[in-house]
Amino acid sequence: MEKPHVMIQSAYGESHPGSSHLLTLSHSVRDGVLEAGGRPAIFCCTDICDGVAQGGPGGYFSLASRDFMCCMCELQATASMADGIVLLSSCDKSMPASIMSAARLNLPAIVMPGGSMPAGAGFSACDTMWECRREMQSGAFSEEAFVVKSAGACPGPGACQQFGTASTMQALAEALGLALPGSALIPTSNSAITRAARESGNQIMELIRLGIRSRDILTRKAFENAVTVHAAIGGSTNAIMHLLAAASEAHVELTLDGFDRIHSSTPYLVNIQSTGKYPTEYFWYAGGVPALMWELRDTLHLDALTVTGKTLGENLEAYRQSNYLVHRQFLKNYALHVEDVIVPRNTPREPDGGIAILKGNLAPEGAVVKHSAVLPEMRRHIGRAVVFDSEDHAITSIDAGLVASGDILVIPGLGVHAAGMPELFRISERISADEILERTTAVITDGRYSGCTKGPAIGYVCPEAADGGPIGLVRTGDRIAIDIPSRTLSLVDGVYQGSILDGDTLLRMRKAETYTPTQLPATVEESQMLKIYRSTARAGLLGGNMDPLSEARFQVTKM
């Protein structure tokens, strides 16, 4: 009883490959704690897979699951009187839940990322299977060929093989200083991940001894370092919301303008799927997060404290001289060089980061686009709005030929307070897979997109329609202007009572009109859990996290 009690919180579960291996890693952490003289105890609160949930009622529960996992972690750690905590997770919602939990509890804490799934056959991955399924349905190839293709897409456990949300958040946990150097995105087939888990168990005991708590690490400098890495990897749009949520739990002010400022001055350097060529395990072989941060070291806060008990600068110096030089030998197996995966700063893939924050009369408090995934010709576009009441309706209209080249699809009513903010991966994938639509058509929503999103997809429009946001006042036939270089999203003009009015006037005149909420599936509308989440969550661009006592849950500008 006199030993420090270490809670090992694992997202282990057998419902999907992203978390199916985490119990084994928990045992390695346990061994490390025992070695260092602690008393470990393993707790499990599993996550859901966004890839499974997307497209059905489960998609509405995805974001809420992050916050309920965080609440369960708080419950267990508090009731068990933990002296320290190690959080193991891999995937889209469990990774941010781990970071948020560490921030909320303010105990000595380490995040142990669950690693990267091995590369799929022929570099296929889970996100490529949507297109394969559609090709099978159209008769382009047989069901047998589809089965063979799908069998090779996810050959083992771990996070999806691209910089979707899961891999992005693993990298950001390390960039924040909450994970040991080099521990993010280790291939799950490599024994290095077992060693990292054991070392995490050792190190949590050192943090307890030193009295270093999570909020000593999660400072404003740490979050700015994470945003810089986010820009350089071309990371998921979802990470903006997750970092904002974690910052609020850590009592750190982080704003949308800060994201845009850092992204505007940070080059995009990583050639990793889904907008690049290689799977994420190659990123680790090239040196991973430490190698990338070394390339960006003059833009980082090198004095930021980390879970090693040392500063980021000290970690980078030590790591550069040891581990990742060994990792890079694996690239020879594939006849690749480091520069193929992490390109030098003097020849970046893009001169600025992957994300842009847009504002205008359609998004007074902001909207997000992954412009690194948008073709240059679509970064400035004016088109006719076509309004839909659901993602399914938009997809069936495209398939029926009812969407014309140049149109801008608008799907309101899917924000946090209306619907729990589901992901709309299918519509963005459907557009990006069409050579004509990809170059001429955009989609705008107050919902969000998968981290694997490609093409001109603008999401997180804030305020959302359910909170009186202008996106709920758009009508089919209005004209919308997207200008990513100028960071604007605006309603240009439209018809009101037979007259063409400019966008600002049009929105004022329509403000008195009643917004009709989107009809949600019965399983969603009747869910007690979602009612709790939707009624207590902050706006998506405030983090979307539950904060029932906040006086500014809906207004981003108050940050």
Side-chain angles (χ1 to χ4, degrees), residues 241 255-257 356-369 381-391 393-394 407-422 424 442-448 457-484 486-520 525 534-544 550-559:
M241 178 175 58
T255 66
L256 283 176
D257 289 341
I357 306 299
L358 311 181
K359 292 186 178 181
N361 61 17
L362 268 188
E365 297 177 358
V368 179
V369 62
H381 178 68
I382 298 177
R384 181 184 76 108
V386 185
V387 181
F388 298 96
D389 60 5
S390 69
E391 183 183 33
H393 185 194
D407 283 348
I408 296 177
L409 286 60
V410 181
I411 311 176
L414 295 176
V416 170
H417 301 126
M421 211 176 214
L424 280 71
V443 58
I444 300 172
T445 181
D446 53 7
R448 60 192 178 89
I458 298 169
Y460 306 88
V461 172
C462 192
E464 63 175 279
D467 295 338
I471 189 173
L473 302 177
V474 177
R475 303 289 180 261
T476 296
D478 293 347
R479 287 198 310 154
I480 293 173
I482 300 167
D483 192 334
I484 295 174
S486 297
R487 303 297 199 258
T488 58
L489 176 65
S490 302
L491 183 65
V492 177
D493 55 35
V495 175
Y496 184 80
Q497 296 183 355
S499 300
I500 298 177
L501 302 179
D502 68 88
D504 291 338
T505 305
L506 187 63
L507 290 173
R508 284 199 304 272
M509 299 300 291
R510 286 181 180 165
K511 193 147 184 143
E513 297 180 6
T514 302
Y515 168 70
T516 303
T518 300
Q519 185 66 42
L520 301 178
E525 197 65 71
R534 291 162 57 193
S535 64
T536 60
R538 306 197 313 163
L541 290 185
L542 280 174
S550 172
E551 296 180 358
R553 292 213 319 277
F554 308 104
Q555 296 181 355
V556 176
T557 52
K558 283 194 176 180
M559 284 189 69

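Owing to the predicted nature of the structure, the values given are computational and were not obtained by experimental measurement. Hydrogens, waters and symmetry mates play no part in the numbers below; they use all other heavy atoms, side chains included.
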**OP:** Any chance you could lay out the side-chain contact (heavy atoms from CB on, under 4.5 Å) test for I444 and I411, step after step, and finish with the verdict?
**Re:** CA-CA 6 Å; I444 300 172; I411 311 176; over 6 Å; no
**OP:** Under the side-chain contact (heavy atoms from CB on, under 4.5 Å) rule, what do L424 and V443 come out as? Steps first, then yes or no, please.
**Re:** CA-CA 10 Å; L424 280 71; V443 58; 5.6 Å; no
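Of all heavy-atom pairs spanning G544 and V416, the tightest one is CA-CG2, 4.4 Å. Nearest heavy atom pair, residue M241 against residue R448, reads CE-CD, 3.8 Å. Across P463 and I471, no two heavy atoms sit closer than the pair O-CG2, 4.3 Å. Nearest approach of A385 to V474, heavy atoms of both residues: CB-CG1, 3.7 Å. Annotation for G413 and A419: closest pair O-CB, 3.9 Å, computed over non-hydrogen atoms. Between A367 and I458 the shortest heavy-atom distance is CB-CG2, 3.8 Å.
Between P412 and T518, the closest side-chain pair of non-hydrogen atoms is not below 4.5 Å. At a threshold of 4.5 Å between non-hydrogen side-chain atoms, the residues L501 and M509 count as touching. Contact annotation: the side chain of D493 never approaches that of L506 to less than 4.5 Å [non-hydrogen atoms, C-beta and beyond]. Within the 4.5 Å cutoff, side-chain heavy atoms of I480 are placed close to those of L489.
With hydrogens and angles ignored, the 3.5 Å screen pairs no side-chain donor or acceptor of D446 with any backbone N or O of V461. Side chain of R479 to backbone of V492: no donor-acceptor contact under 3.5 angstrom is found. Between the side chain of D467 and the backbone N or O of E464 there is no donor-acceptor pair closer than 3.5 Å. Judged by distance alone, the side chain of T476 and the main-chain N or O of V387 form a donor-acceptor pair under 3.5 Å. Between the S490 side chain and the A481 main chain, no donor and acceptor come within less than 3.5 Å of each other. Judged by distance alone, with hydrogens and angles left aside, the side-chain atoms of E513 form no donor-acceptor pair with the main-chain N or O of L473 at under 3.5 Å. Between the side chain of S486 and the backbone N or O of T488 there is no donor-acceptor pair closer than 3.5 Å.
Taking CD of Q519 as the start and CG of D389 as the end, the distance is 9.5 Å to the nearest 0.5 Å. Atom-to-atom distance recorded for L507:CG and L491:CG is 5.0 Å, nearest 0.5 angstrom. From D478, atom CG reaches atom OH of Y496 across 12.5 Å, with rounding to the nearest 0.5 Å. For the atom pair OG1 of T505 and CD1 of I500, the computed distance is 13.0 Å after rounding to the nearest 0.5 Å. To the nearest 0.5 Å, the span separating CD1 on I482 from CD1 on I408 amounts to 4.0 Å. The line from CZ of R510 to CD of Q497 is 10.5 Å long, rounded to the nearest 0.5 Å.
With respect to D257 and R487, no salt bridge is recorded, no charged nitrogen being found less than 4.0 Å from a carboxylate O.
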